[in-house]
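Atom set for the values below is all heavy atoms of this structure, side chains included, hydrogens, waters and symmetry mates excluded. Labels below follow one simple rule: chain letters A, B, ... track the order of the sequence lines, proteins then strands, and each chain is numbered from 1. What you see is a predicted model, and the numbers here were worked out from it, not measured in a lab.
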Amino acid sequence: MLKRMTRLVSGARQLDPGRLLHGGPQAPQSLAAHPDNQVPDGSPRAVSCTSEGDPVRTFNEACLMVRRPALELLRYLKNTNFAHPAVRYVLYGEKGTGKTLSLCHVIHFCAKQDWLILHIPDAHLWVKNCRDLLQSTYNKQRFDQPVEASSWLKNFKTANERFLSQIKVQEKYVWNKRESTEKGRPLGEVVEQGLTRVRNATDAVGIVLKELKSQSRLGAFRLLVAVDGVNALWGRTTLKREDKSPVAPEELALVHSVRKMVRNDWHGGAIVLTLSQTGSLFKPRKAYLPQELLGKEGFDALDPFIPILVSNYSPKEFESCIQYYLENSWLQHEKAHTEEGKKELLFLSNANPGQLERLCAYL
Amino acid sequence: MAAPCVFCGAAASYRLFLGGRVSLSRKQGVWKAAAAELQTGTGFQILRLRHTTGVTTKKNIAALRHEAYTVDFIKKQIEEFNIGKRHLANMMGEDPETFTQEDIDRAIAYLFPSGLFEKQARPIMKHPEQIFPKQRAIQWGEDGRPFHFLFYTGKQSYYSLMHEAYGKLLEAEKHQNQLQAKGLFSEKTKTKDLIGSRWLIKEELEEMLVEKLSDQDYAQFIRLLERLLTLHCGAKEEFVQRFRRSITVQSKKQLIEALQYDEQGTAFSTSEGKRKSAKAEAVVYEHGSGKININGIDYLLYFPVTQDREQLMFPFHFLDRLGKHDATCTVSGGGRSSQAGAIRLALARALCSFITEEEVEWMRQAGLLTADPRVRERKKPGQEGARRKFTWKKR
């Protein structure tokens, strides 16, 4: 899959804001789905389910609009000094403005540059609606989530296959009486172990994160940590123990390990985070500022960070989005080509990408 | 006493007189005073000087049963009304001589305030002519012979009116032929009298003739009058004008707010709107980019539902001014949809100051400037809701 991406990059492309970038496997445009950029284009999506409005199958391609916040981020990333601790970038904005897709754009760019991508599609999924919580083998107070951990390991494996054989584990990990991973074995083995023994999946995730963090400073690869919906890590959960008492996020092992990852005590990479109100629990609909969504605890944990505001479409971006829909014959209404039609769409969606997409869905 | 005989044929109004027979005083023939204003064709009566011995035919008793108000009764009511009017004027401290019906209405509304929604159920004090329904006089004499020659058609006033109108038509044609023969005929069109007036509607004609009409009768009559109009004869105009009513032009009633100017010199205009229980106030600025703020929040966030945003879009889209105005609104009360409707009304009214009269008229016809009168209907006792009845159980 990575070979495909390198083939696409052969020509030096001038990225203007507003121009559509034809990329390889990209996330679907609907923000509610798991943007899954590790699955190759065209192959059956066995990894995770996407929503029905999947433009990749509809348009037979996956396109992203190049926008200003993403370009800004890319510029920062290009100029990062890897000797310094990892910088945190937080994408925030109103609902439906394109934070997740900007994140995907950044991930795609880094993947092209051969970074190691650690992508969590939606952290909210880890804190709500989990079926089984096991008591962690590693630490008695914490809870494991085998389903989510194993699905994440699968994604991670497909995304970073190349690195899995290169990186070597630096400690010995004993899984149970019969199985253990020796020091010096490739990281792929840990991942395999997590996939086969679902009970140990969460621990496998923890180990992977720890190893990557410690080894990134060696400089063999560059690490990009991308978390979507990071405000889930510091909010509340809807999970309950058997005695119906609520579970705090710290008691989830996955959350704990990701929190450690997001701390900027390592160098050799970057951390890009996105806030999201859509899946968040117990937060008002209109909240979009980092302060409101992260809460005091999260804000302090993430402080200092570089906030990047993602706003609605500018007129040029709106034009190009409409043009894209028209070229792909997505808009079937007669008035969609006319100026009045465009003005109507502009008014009704107020240049909000999510709203525009929903409006055009039945036009 | 011999009352004068009057016969049909002349275009003059007639008066109804009481039958001069002695026996009639017994029968209490009813003539209504307002029938004096009836049109031609209904006002004649042939009086016979015949002595009857008080034989009452069955017809007259049957006719008596329908008559509820005698002329004396009506006269007494009118006197009482006038006296009451003077009393009322004294009570209100106004001059009894110049006390009009509007003053009466105002005084009654003041003295007897009513919370009823139905305006016709509130207390009124009007002239008895308007209160007591018009009734027909007895159309036949003591011997049973009808007065009118068209009585046996069933609709005597209607047919006599048609007869008269047709007579006029024939006269006009004859006149025109004469003029044409003499060569003095000139093509003059006088249609300006018709603008601003309309034909009588069927109910009004029925009221005038005190007779029930069918739709075809009415249509026939109007056709005849229009045919009469095409003949351009000046003498017939008054006859036709009796059957026309003037209409007020609706659009003049629209109130257009004045423009105000703020510090930078941009023009803006303010107005209010209501719907159900939501009240909204909108300020529309002349130059802008189509942003709307509601209670300080962007309209996309305030109305996440597309339907509400379409309501906001309607006034601008109708006038083709989608991206040209900025607006700031405040709204309170009601629910999601009624707030959207209230803001839409306020926006439309505010936009009136920026557009031409013609466009205001178009907006009015599109219904953008009319406040939606629908409110929640009250729940009635004995029913589960406003309309829903309780489940009917057979036993």
Measuring from [X]:[atom1] to [Y]:[atom2], what's the distance to the nearest 0.5 Å?
X       : Y       : atom1 : atom2 : answer
F347(A) : L312(B) : CZ    : CG    : 5.5 Å
T306(B) : R358(A) : OG1   : CZ    : 8.5 Å
R309(B) : L359(A) : CZ    : CG    : 6.5 Å
L301(B) : K95(A)  : CG    : NZ    : 9.5 Å

Tell me whether [X] at atom [atom1] has more than 12 heavy atoms from other residues, nucleotides or ligands lying less than 6.0 Å away.
X       : atom1 : answer
K128(A) : NZ    : yes
Y288(A) : OH    : no
K274(B) : NZ    : no
R321(B) : CZ    : yes
E102(B) : CD    : no
F117(B) : CZ    : no

Part of Y299(B) within contact of chain A (heavy atom distance under 4.5 Å):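 Side chain only.
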
Closest contact, heavy atoms only, L348(A) versus L300(B):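 Looks like O-CD1, 4.1 Å.
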
Which portion of E344(A) sits near chain B, non-hydrogen atoms under 4.5 angstrom: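 Answer is both: backbone and side chain atoms of E344(A) are under 4.5 Å from chain B.
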
